[in-house]
Structures are given as structure tokens and as C-alpha cells.
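Take a look at the structure set out below.
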Amino acid sequence: MPRITLPDNSVREFDKPVTAAEVAADIGAGLAKAVIGAKIDGELCDSATLITNDVEIELITAIDRKAGESTEDALFLLRHSCAHVMAEAICKIIPGVELVYGPPLETGFYYDIAVPEGRPLSTDDFEAIEAEMAKIIKEDRPFKRYELAVEEGMNKLKSEGSKYKIDNAERAIEAGSDELSWYATGEPGEAWEDLCKGPHVPSTGRIGAFKIMSLASSYWHGDADSDRLTRVYGIAFADKKQLAKHLNHLEEAKKRDHRVLGKKLQLFHIDEAVGQGLVLWTPNGAVIRNELQNFIGAELRKQGYHDVYCPHIGKLELYKTSGHFPYYSESQFVPIMDRDFLKKAADDGCSCSELANLMASGDIEGYLLKPMNCPHHIKIYSSQPRSYRDLPVRLSEFGTVYRWEKSGELSGMIRVRSFTVDDAHLFCREDQIAEELNGCLSLVKMVFQTLGLNDFRVRVGLRDPDSSKYVGKSEDWDKAEKACREAAKSLGTHVTEEPGEAAFYGPKIDFIVRDVIGREWQLGTVQVDYNLPKRFELSYTGSDNQQHRPVMIHRAPFGSMERFVGVLIEHFAGAFPTWLAPEQVRVLPISEKSADYGNSVLKALRDKDIRATIDHSNERIQAKIKVASEMKVPYLLVVGPSDQQDQVVSIRARGLRQNLGTLPVNTFVEGVCSEISSRGKQTIISEHFQAVEA
RNA sequence: GCCGCCGUAGCUCAGUGGUAGAGCACACCCUUGGUAAGGGUGAGGUCAUGGGUUCAAGUCCCAUCGGCGGCUCCA
């Protein structure tokens with residue numbers, strides 16, 4: 001007889017097996033109505049799941065009474081169920097579709113379907129699908145589960161003939177399932193049904209609000225060589241209010257999108273005449289990039305780095321030695337062929353397809369736009385004999401690299417075909433690895449802290465033991481992986497280890513952040529590499545007068561300047577801290593009468609290297625403030641006759657919708673200077689206007 | 001690269017086969033105004049590009065280029 005323990009540790013006993021719904025009814029009629037599922041001993045279940053043993057149970061309602069919103073579990077149930085409702089609606093509207101797989105997500109749900117030939121699903125179908133879904137929800141049909149033994153279930157699926165569902169079932173069985181389950185939206189045998197392990201809400205009517213969001217394509221099993229499927233994304237909530245909130249949130253996120261802000265604030269431009277994925281840094285964006293480079297450059301000098309500069313191309317042979325060419329040839333720009341080689345090939349009667357083959361296999365004489373900076377830096381290392389006393393040698397460069405990303409992958413500044421890495425390569429002795437790794441990590445930490453990027457995760461990328469794409473000896477990999485693990489541990493943040501995420505030459509520590517639409521991007525990276533030193537036969541003379549092999553560390557705290565600035569634009573929503581802001585101060589004369597005084601204030605600012613402009617437009621002060629605010633200028637100085645008389649400026653700070661008061665010109669200039677040099681640790685507000693509420 | 005959607009003025013967008021539109025920005029004029037848009041006038045378009053259908057194409061069809069959302073990939 002089941003003893004049911006509730007989250008508050010109270011216990012209820014029953015004299016026969018009960019369902020979660022019955023437990024809820026036993027507690028109260030209101031709860032019985034509200035319950036949509038249960039967590040039984042930690043496992044999410046239907047409210048109709050029969051409980052026969054003693055268990056701990058947590059009843060799940062659409063809206064959690066304490067939190068006032070839906071829990072993750074509730075949303076999982078709602079969205080999973082809504083995916084079924086959508087699938088049923090699609091089946092009705094487009095006869096002949098085959099269902100594949102429809103899971104809930106953190107951000108909603110999707111259903112992968114195979115559409116019949118000649119009847120693609122389009123966004124124009126959304127209205128009809130949504131209408132059909134609304135009907136199904138209004139009918140408040142129960143989700144009824146039934147189970148069949150494996151053999152019987154497979155027979156049923158085979159007779160129905162959906163290869164996708166058969167595949168799903170086979171996978172479930174492989175994973176250890178001893179039965180197959182279906183959910184009918186209504187009476188099994190009569191109503192629409194779907195092979196599904198559940199769980200679901202009790203009935204369609206519990207889905208309070210939903211919306212079909214978008215259409216995309218996907219591959220079966222995520223395999224690009226397999227069937228192409230149509231993926232329909234949707235979202236569901238317990239009620240319309242939460243849906244509206246979510247949609248509003250998406251709108252807000254769109255405003256922060258670096259592509260939108262990049263245009264509005266004139267930070268960068270991508271021009272199709274130049275090429276896809278090739279970022280043009282406009283003056284405002286260039287300021288931000290420059291400031292970041294100066295910021296980290298000062299730190300690099302402290303840590304004993306040396307700047308180097310390298311050309312943007314290198315001989316193809318160089319990248320064959322490094323291994324980049326054969327490993328990644330498909331994601332590189334095609335090689336640049338030697339004129340003499342091309343002429344000789346032509347004279348020899350080489351056909352176009354033969355030439356293409358030579359190109360693809362790299363059997364040509366020519367050059368490559370560099371996909372990585374390391375080979376060049378390696379050649380600087382090996383350009384002179386090195387003693388153990390010289391190590392570590394730390395070579396840094398903001399090096400631009402080129403990668404042929406697939407066209408569908410390109411995205412603003414975040415995924416591009418040419419980007420500049422704040423790259424460095426550290427050549428050290430094995431006994432120096434740990435200390436050098438720590439130096440690299442402290443650099444990353446300092447960067448992230450200064451910029452307030454707190455929402456990131458750390459991933460240690462290890463080799464995948466089953467893959468052959470890695471080069472080098474297993475012992476070296478073990479050592480390198482150990483070094484990365486230990487260094488990452490010292491960070492004190494949450495670290496995950498992910499096999500298969502290593503570079504082909506070594507393991508790495510990656511810093512990963514999310515953009516405004518929830519996509520994750522790798523920023524900084526630190527990699528330990530035993531392999532390239534071997535490939536290039538690097539050496540140093542040890543204290544024993546013998547030749548030894550150095551170890552390399554690749555590291556890039558920002559990662560790519562393009563991606564990093566793209567992420568920063570979203571992080572700050574375009575409102576950069578004063579030290580990074582392209583325009584730090586704007587002077588706003590009240591009228592032409594104050595133009596001269598305004599110019600003198602402007603000069604005082606510029607004399608101290610403050611990036612300032614003046615708005616001499618023939619507009620009222622209200623309009624000038626509005627325009628400057630929209631451009632997210634940190635400080636606005638209103639200057640009129642009375643300010644001139646007192647030799648002061650009237651100050652507005654970004655985000656504070658008010659006149660803060662006045663300061664003497666010099667006091668303001670000094671304040672901004674210390675705000676800039678302290679990178680925001682001191683501000684005008686904190687020094688002079690503490691009382692102001694943000 | 002793949003699937004779907006999209007491409008009209010510098011920007012944001014309206015325009016369902018019959019003379020190309022709005023707001024903002026821009027130029028000029030009036031206004032000289034004290035804290036989130038004063039008023040007027042004007043200029044600005046090969047409707048992404050190339051083909052096709054049609055008496056007639058921004059609008060329908062095809063291709064190409066580019067953008068967006070995903071999938072896959074990311075040294």
C-alpha cells in the first residue's frame with residue numbers, strides 16, 4: 001500500500017495504488033483541478049501514472065503557486081503536449097506528412113516532419129495550423145497513454161509504415177525500453193496518436209497559450225547526408241500573459257541584436273560588394289577595437305609578451321607541415337596558385353577538372369590565405385637558436401585569419417570569414433606549462449571581469465577517444481589534457497569536460513558566452529600543444545647542452561575581435577562604458593549664442609584626449625538630447641548663457657533622465673579622465689552625484 | 001552547403017497586374033528655443049541583379065547575388 005511523501009515531508013497513505021491526480025484530489029479540490037503532472041521519485045510523469053510503491057512525489061501545476069509562474073517541469077509538459085497538438089494539426093492540414101520527432105526545448109518546442117513532395121510547408125500555413133490547434137485545445141481532449149509490448153508495437157509501426165517512427169522505436173528499444181508507448185489525443189484507436197514516451201498534460205485544454213514561431217530545416221539524426229526534414233518551432237505557456245511576456249522579451253532582445261545596433265550606432269558594415277562575412281570596421285567600431293587592443297596590450301607587456309607582425313598569406317607547404325591544410329581544407333579559401341605553376345599546368349594540357357583536383361588535394365605550388373597564425377609564429381621562434389634560459393618565448397599578434405565558413409553559417413560579426421585573433425603563442429619547457437597556463441587564464445579572467453562578462457561557462461575540450469582526427473602521441477595528449485584540467489579547475493567557476501571538443505593538435509580551455517537570442521559562442525580559448533612543435537621540429541638547448549622540444553600554448557583571451565565586439569555590443573546593449581564608447585561626451589549648446597562657449601568646452605575635452613563632439617544643429621535642446629540619447633553617448637553637456645557666466649557645464653548622464661546639475665568645466669574633464677583611466681571604477685556619478693538614483 | 005522566409009529612398013517600412021508612397025534622416029528657410037523630437041519647403045528610387053510571362057510587372061514565373069531563422073560545421 002503506497003505511502004506517498006510530499007515535498008513538505010508530510011506523508012499520505014493509501015490502501016490501494018493511486019494516481020498523482022488522486023493524490024492531488026486527496027489534498028484538495030483546487031489542486032486536483034490544477035495538477036498537470038507529477039515528479040515521482042524525481043521522474044517526470046503523467047498525472048494519471050499509477051503509483052504502486054512508496055514514493056516521494058511532487059505535484060506539478062501549470063503555474064507554481066509560490067513562484068507565480070510555471071516551473072521548468074510544467075513548461076516541459078505543456079510544450080511537449082503542444083508539440084503533439086501541432087503535429088496533429090499539421091497532419092490534418094497537409095495530408096501525407098510523416099512525423100519524425102517533436103521534443104520540448106528550454107525555449108519552446110519543435111516538431112520535425114517530412115513533408116510530401118511538392119507540398120512544402122510555408123509560414124503561410126501557420127494561420128491554418130494555429131486555428132486547427134486552437135480547435136483541438138478547445139475540445140479539451142484527454143491525452144491517453146497506452147502501451148504495447150515491443151514485438152506487438154513494432155508490428156503496429158511496421159504496418160503503419162513510417163520509417164521514422166520505426167527508427168525512434170528501435171532507438172528506444174536499444175536504450176533498454178521493454179515496451180512502446182503511444183499517446184492518443186482522445187480515445188485510442190479513434191483519435192490521432194503518436195508514438196511517444198511522454199509524459200503529457202492530462203488534456204489539450206491545459207495548454208493555455210501557444211504560438212508557432214518559425215520554420216527551419218533539419219537533418220534526420222542531424223546527419224547532413226541523411227533525409228532533410230522540416231522543423232516547425234513553437235512556444236507554449238500556461239496562459240496568454242506569460243506568452244505575451246515572452247514575445248515582448250523577444251522584441252527587446254531584437255533591439256539588442258548587434259546587427260541592429262551595429263547599424264544604428266554605425267559600429268560596422270558588411271557590404272555585399274566586398275563579400276559575405278567580411279566585416280568593415282567603421283570609425284566608431286574601430287575605436288572600440290582599438291581600446292580593447294590597448295587595454296590588453298598593456299597587460300601583455302606586463303606579462304612579458306613580444307609583439308610580432310606577419311603577412312596574411314603563407315606558402316601552402318607551410319600549412320601542410322602544420323597539418324591545417326589537409327585537416328581543414330574544405331573550410332579554407334582555395335589556395336592562391338603560383339603563376340608559373342599555373343602556366344606550366346596549362347602548357348602540359350591540364351584540364352579544368354584535373355586542375356580542380358590538384359587544387360583540392362593541395363598538389364600545387366602556391367599560397368594560402370592564412371587560416372591560423374601559429375605557423376608564422378613558429379617560424380619566428382625557429383628563426384634563431386633558443387636556450388632554455390630564453391623560455392618561455394611569448395609572441396603576440398592581432399593576426400587576421402581567413403576561413404571559408406559555409407554561407408548559411410555567416411552571422412553579423414559573430415560568424416565571419418575574416419577575423420582578427422588576439423593571438424599569442426607561448427613556447428615553453430614542460431615544467432613551465434602550469435605557470436604559463438595560469439598566466440593565460442588570469443588574463444582571460446581580468447578581461448571578463450573588467451567588462452562585467454559574468455555569464456559565461458568554461459569548457460575543457462578533450463580528444464574523442466574514438467576519433468582518428470587527432471595528431472600526436474597519446475602520452476603527450478594525456479599530459480596536455482591533465483595540464484588543462486588542472487588549470488581550469490583553478491578558475492573556481494563551473495567547468496565541464498567535453499570529449500571530442502579538442503583541436504586536432506591539442507586539448508583546450510574555452511570560454512563560452514550566450515548571445516541575446518540564446519546562442520552560445522566560443523570567445524576566449526587556451527590550448528596546450530605538443531604536436532606542432534614536433535611537426536616543425538622545434539627545439540631549444542637545455543641546461544644539459546642537449547636539444548629539447550618546447551611545448552606550445554595557443555591563447556586568445558578575446559578570441560576573435562569581430563565576435564568579441566559583437567558579443568560586447570549585445571552585452572552592453574550598445575551603451576558602452578565610457579572608456580570604450582566611440583563618443584564619450586557630446587556638447588549641446590542651447591542656441592547659436594552659446595556656440596563659442598560650447599566650442600571652448602569641446603576644446604578642453606579634446607585637449608585631454610576625450611572623444612567629444614558638439615551639436616551645432618539648428619534644433620531645440622530637447623531634440624539634441626533626444627538624438628544624443630539614442631546614440632547612447634555617456635555624457636551630455638548642456639551649455640547656455642548661464643553656464644557660460646559661471647564657467648560650468650550642465651550634465652546629463654546616459655540612462656539618467658534628468659539634469660544632474662553643474663560642474664566647473666575642469667572638474668568635469670578631470671572626472672571623465674579618471675573614469676576612463678580607471679575603466680569605470682570611478683565615475684562622474686560616484687565622485688560628484690552619489691545621491692542620484694539610477 | 002541544405003530547407004523556409006525576405007530584398008522598394010541613407011534608415012524603418014506600406015504598396016495583390018494599370019502613372020512609386022509614408023515617417024525618420026538629409027538640404028534650404030523661418031524660429032534662438034534651458035533638459036527625450038518647434039514649423040515650412042525641397043531633394044532623393046534601374047523597386048537587389050539577369051531572364052521570362054503579359055497590351056501592361058515592384059507585384060506572377062525561373063536563375064543569380066545578398067539578408068534572416070534553423071540544420072550541419074567551426075583549427
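A note on names: the letters A, B, ... follow the listed sequences, proteins ahead of strands, and every chain is numbered from 1.
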Nearest of [options] to any side-chain atom of [X]?
X: A:R415; options: B:C3, B:C74, B:U35; value: B:C74
X: A:R228; options: B:C74, B:A37, B:C2; value: B:C2
X: A:I621; options: B:G67, B:G69, B:U35; value: B:U35
X: A:K263; options: B:A75, B:U12, B:C74; value: B:U12
X: A:A224; options: B:A75, B:U35, B:U72; value: B:U72
X: A:S122; options: B:C5, B:G69, B:U32; value: B:C5
X: A:Y219; options: B:A75, B:C65, B:G1; value: B:G1
X: A:I590; options: B:A36, B:A75, B:G34; value: B:G34
X: A:R652; options: B:G70, B:A36, B:G33; value: B:A36

For [X] and [N], is the shortest distance between a side-chain N/O and OP1 or OP2 below 4.0 Å?
X: A:R231; N: B:G4; result: no
X: A:R657; N: B:A36; result: no
X: A:T123; N: B:G4; result: no
X: A:K406; N: B:C2; result: no

When rounded to the nearest Å, what value does the distance between [atom1] atoms of [N] and [M] take?
N: B:C30; M: B:C13; atom1: P; answer: 36 Å
N: B:A48; M: B:A9; atom1: C1'; answer: 14 Å
N: B:G45; M: B:A22; atom1: P; answer: 14 Å
N: B:C28; M: B:G44; atom1: P; answer: 16 Å
N: B:G17; M: B:A57; atom1: C1'; answer: 7 Å
N: B:G15; M: B:G58; atom1: C1'; answer: 8 Å

Using only heavy-atom distances, decide whether a donor-acceptor pair under 3.5 angstrom links the side-chain of [X] to the base of [N].
X: A:R620; N: B:A37; value: no
X: A:S642; N: B:G34; value: yes
X: A:S650; N: B:G34; value: yes
X: A:K626; N: B:A37; value: yes
X: A:S322; N: B:A75; value: no
X: A:R403; N: B:C73; value: no
X: A:N618; N: B:U31; value: yes
X: A:E409; N: B:C71; value: yes
X: A:D643; N: B:G34; value: yes

For the residue pair [X] and [Y], establish whether any side-chain heavy-atom pair is separated by less than 4.5 Å.
X: A:P103; Y: A:Y110; answer: yes
X: A:L368; Y: A:L316; answer: yes
X: A:F536; Y: A:L318; answer: yes

Name the stems that RNA chain B belongs to, where each is three or more consecutive Watson-Crick or G-U pairs with both distances under 3.5 Å? B:1-7 with B:65-71, B:10-13 with B:21-24, B:26-30 with B:38-42, B:48-52 with B:60-64
Crowding at NZ, A:K534 (>12 non-hydrogen neighbours, <6.0 Å): yes
Length of the line joining [X]:[atom1] and [N]:[atom2], which is rounded to integer Å:
X: A:D125; N: B:C3; atom1: CG; atom2: C1'; answer: 14 Å
X: A:E630; N: B:C11; atom1: CD; atom2: C1'; answer: 12 Å
X: A:L410; N: B:U72; atom1: CG; atom2: P; answer: 17 Å
X: A:M213; N: B:C68; atom1: CE; atom2: C1'; answer: 14 Å
X: A:I212; N: B:G69; atom1: CD1; atom2: C1'; answer: 15 Å
X: A:L588; N: B:A36; atom1: CG; atom2: C1'; answer: 11 Å
X: A:F419; N: B:A75; atom1: CZ; atom2: P; answer: 10 Å
X: A:D257; N: B:G67; atom1: CG; atom2: C1'; answer: 12 Å

Residues [X], [Y]: salt bridge by 4.0 Å N-O rule:
X: A:E405; Y: A:R563; answer: no
X: A:K254; Y: A:D257; answer: no
X: A:R171; Y: A:D167; answer: yes

Contact class for [X] (heavy atom, under 4.0 Å): base, sugar-phosphate, or nothing?
X: A:Q622; value: sugar-phosphate
X: A:S331; value: base
X: A:E330; value: nothing
X: A:Y328; value: base
X: A:Y110; value: nothing
X: A:A623; value: sugar-phosphate
X: A:S217; value: base
X: A:I270; value: nothing
X: A:G640; value: base
X: A:E501; value: nothing
X: A:Q522; value: nothing
X: A:K264; value: nothing

I'd like to know whether the aromatic ring centres of A:Y505 and A:H554 sit less than 6.0 Å apart in this structure. yes
Indicate, with yes or no, if the rings of A:Y635 and A:F668 have centres closer together than 6.0 Å. yes
With sequence neighbours excluded, residues passing salt bridge (charged side-chain N to carboxylate O under 4.0 Å, His left out) with A:R586: A:E583
Residue pair A:S629/A:E592 against RNA chain B: nearer the 5' end by closest nucleotide is A:E592
Taking for each residue the nucleotide of RNA chain B with the nearest heavy atom, is it A:E405 or A:P641 whose nucleotide lies nearer the 5' end? A:P641
Is a donor from one side chain sitting under 3.5 angstrom from an acceptor on the other, for A:N599 and A:H616? yes
Looking at A:F109, does the NZ or CZ of A:R79 lie under 6.0 angstrom from its six-membered ring centre and within 45 degrees of the ring axis? no
